[in-house]
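What's counted below: heavy atoms across the whole structure, side chains too, no hydrogens, waters or symmetry copies.
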Amino acid sequence: MAEISITNKDWERVKIKLQRKYNHLTDEQLQYTEGQEDSLISKIMELVNRDRNYVLFTLKKALVNIDNNRL
């Protein structure tokens, strides 16, 4: 099970942050269904060529300040 939980509402904000940081990512690549965090993490790992810990850190950071536009 994933170490984080992301709602569909929160994902919309997080996705925008990720796309700002990694401008090559598309909406299609970042499709997410609530409850599929492990799959999302694996997909992001491949897309940005980073390890699981980095992706988790980035997602957690985005969720902490969800209203802030910065990642």
Side-chain angles (χ1 to χ4, degrees):
M1 180 160 185
E3 298 90 311
I4 60 172
S5 179
I6 306 172
T7 65
N8 284 334
K9 179 183 175 196
D10 287 346
W11 175 244
E12 290 303 315
R13 300 295 298 271
V14 172
K15 180 173 69 170
I16 291 167
K17 293 179 183 188
L18 282 174
Q19 287 175 319
R20 285 187 179 145
K21 183 170 180 140
Y22 300 102
N23 59 8
H24 67 281
L25 299 178
T26 66
D27 286 338
E28 292 78 29
Q29 291 173 313
L30 295 176
Q31 287 185 1
Y32 167 71
T33 303
E34 199 166 326
Q36 300 295 317
E37 288 87 356
D38 281 327
S39 174
L40 175 69
I41 291 166
S42 296
K43 189 185 322 179
I44 294 172
M45 285 170 52
E46 290 177 24
L47 292 170
V48 300
N49 197 29
R50 294 291 195 142
D51 66 21
R52 184 176 184 85
N53 288 334
Y54 179 86
V55 172
L56 277 170
F57 171 81
T58 303
L59 292 174
K60 287 178 182 179
K61 185 177 175 188
L63 288 167
V64 168
N65 291 322
I66 196 70
D67 293 326
N68 185 333
N69 286 331
R70 298 189 68 201
L71 182 59

Contact summary for Lys43 and Gln29, nearest pair of heavy atoms: CD-O, 2.9 Å
Neighbour count above 12 (heavy atom, 6.0 Å) for Tyr54 OH: yes
Straight-line distance of Gln36 CD to Ile41 CD1, nearest 0.5 Å: 11.5 Å
Transitive ILVMFWY side-chain link Ile66 to Leu18, under 4.5 Å: yes
Rounded distance (nearest 0.5 Å) linking atom CG of Leu59 with atom CD1 of Ile6: 5.0 Å
Minimum heavy-atom distance between Leu63 and Ser5, given as atom pair plus value: CD1-O, 4.2 Å
Qualifying residues under side-chain hydrogen bond (donor to acceptor under 3.5 Å, both in side chains), relative to Asp27, sequence neighbours excluded: Gln19
Asp51, CG atom: more than 12 neighbouring heavy atoms under 6.0 Å: yes
Partners passing side chain to side chain contact (heavy atoms under 4.5 Å, CB included) against Asn8 (at least two apart in sequence or in another chain): Tyr32, Glu34
Asp38/Arg52 ion pair, N-O < 4.0 Å: yes
Reported OG1-to-CD distance for the pair Thr26 and Gln31, which is rounded to 0.5 angstrom: 8.5 Å
Val48 backbone acceptor or donor facing His24 side chain under 3.5 Å: no
Glu28: partners by salt bridge (Lys or Arg N to Asp or Glu O under 4.0 Å), with sequence neighbours left out: none
From NZ (Lys60) to CD (Glu3), nearest 0.5 Å: 6.0 Å
Contact check, side chains of Thr58 and Ile44, non-hydrogen atoms, under 4.5 Å: no
pair Trp11-Leu40: side-chain heavy atoms closer than 4.5 Å: yes
